[in-house]
Amino acid sequence: MRGGISRSSAAIISLAIALSLILVYFAAKGGLGGHPSASIVGIGQFIVNNTYNVFNRTYWAGSPEAVTSIIWDYRGFDTIFETTVLFAAVMAALLLVPGGIRGRVQGAGKDEGLTLIVKTASKIISCIVVVLALNLALRGYISPGGGFAGGSSYAIAPLLLIAGLSVFYLVRLGYRLSRAIGLRTLGLVGLVVVSSLPLLYMGYIIQNQAKPGSMFPGYPVFLGPLYLGGSLIYMNVFEFLVVSMEFIIIFIAMFLLDRGCGGSA
Amino acid sequence: MIRMLGTIIEQIIFGIGICLVTIGAIFDLLAALGLVRFPCFYVRMHAATIGVIGGAVVPLIGVSLISLVSDQLGPYRFMFAGISFFTALLIMITAPVGTHILANAAHKLDLSPKEPILVDKMEEDRR
């Protein structure tokens with residue numbers, strides 16, 4: 001139907017608006033469950049009071065970013081298991097690639113891609129995305145961000161290059177499956193080392209700062225004029241490596257399979 | 001004297017910023033009208049791009065100019081100005097490319113009727 005919205009799409013839009021209004025009504029009436037109890041609010045107050053408490057460093061995390069402190073210090077186990085889940089998912093996906101995961105891409109393939117405008121724009125935007133992702137990962141212990149957010153935004157850059165140019169351009173740029181797997185393993189080893197180093201000093205696992213009841217003195221927060229933020233910066237960097245490389249592995253494997261050269265990848 | 005000159009320059013920059021924001025609002029209105037009234041897909045996409053470039057990039061540059069001379073923001077005014085300008089730049093790079101991809105795909109797959117048409121160079125190239 002020309003010159004206006006068709007009847008079915010108008011029906012869908014009005015249905016969506018009605019549904020969201022009904023949901024808002026029930027949420028305002030308390031029909032979707034009550035508010036969290038006061039005992040849970042106390043945990044939030046504890047974390048806000050202690051995250052960067054320079055005067056009383058008994059339970060501090062050494063970072064003004066409360067979210068990163070919760071993710072890598074107060075609730076570190078949760079993030080470790082999240083990384084494990086992602087690791088297992090990527091390994092299971094790689095098992096689907098026929099012919100194994102070793103070796104390298106043989107034929108460079110024809111560079112089809114889209115038009116010249118799209119190619120140029122995706123190159124420019126992917127450079128900007130890389131800078132932004134590094135900023136998110138490396139400053140994750142000062143401002144909002146962190147390893148997971150930085151890694152998943154870094155993975156957008158090769159995805160853009162795949163969409164705009166082709167997966168063979170990415171391979172020629174140096175993104176190899178074997179190289180990505182190696183860097184991923186390096187990140188995992190780094191996570192293991194940083195989280196289990198306090199065990200040598202009779203401390204807890206994933207310990208960041210000195211705590212009562214453990215001999216571990218804590219990772220350095222200040223190194224001369226530099227502000228390091230304890231173990232959070234190492235954790236963020238290694239998590240960035242792990243997450244970005246896992247996404248890149250998935251993208252390369254998926255698009256190489258799509259081109260029918262899974263055996264040689 | 002120098003302080004007065006600075007105040008005048010600040011006022012001028014503020015006025016330019018307000019003008020740019022107003023121009024953006026007018027562009028948005030025109031784009032909405034064109035999106036409803038234009039006859040076919042390609043011309044409507046032209047109207048949508050007017051809404052993005054004229055209605056988002058131009059007022060964002062205006063906002064960055066306004067925040068540069070807003071003294072009440074303190075040192076954060078440079079942050080606001082930089083973020084606004086960078087966002088405008090990013091939209092200016094990405095939006096035309098997105099429209100270009102959509103129009104290219106629609107033309108290649110012949111998804112939309114090309115009714116009011118004078119010349120079709122892409123069709124000539126394909127032959």
Indicate the atoms forming the closest heavy-atom contact of V118(A) with V97(B), along with that distance. CA-CG1, 4.1 Å
Any chance you could lay out the side-chain contact (heavy atoms from CB on, under 4.5 Å) test for L114(A) and N104(B), step after step, and finish with the verdict? CA-CA 10 Å; L114(A) 295 172; N104(B) 204 3; over 6 Å; no
Contact origin within F86(B) toward chain A - heavy atom pairs under 4.5 Å: side chain
Heavy atoms of other groups near F14(B) CZ, more than 12 under 6.0 Å: no
I'd like to know whether CE of M4(B) has more than 12 heavy-atom contacts from other residues, nucleotides or ligands below 6.0 angstrom. no
Taken to the nearest 0.5 Å, the spacing of T120(A) OG1 from I93(B) CD1 works out to 11.0 Å
Should we count CZ of F46(A) as having more than 12 external heavy atoms under 6.0 Å? yes
Check whether more than 12 heavy atoms from other residues, nucleotides or ligands sit under 6.0 Å from atom NE2 of H46(B), and answer yes or no. no
So L90(B) and I125(A), do their side chains get closer than 4.5 Å, heavy atoms only? yes
Residue F80(B) excluded, over 12 heavy atoms near CZ under 6.0 Å: no
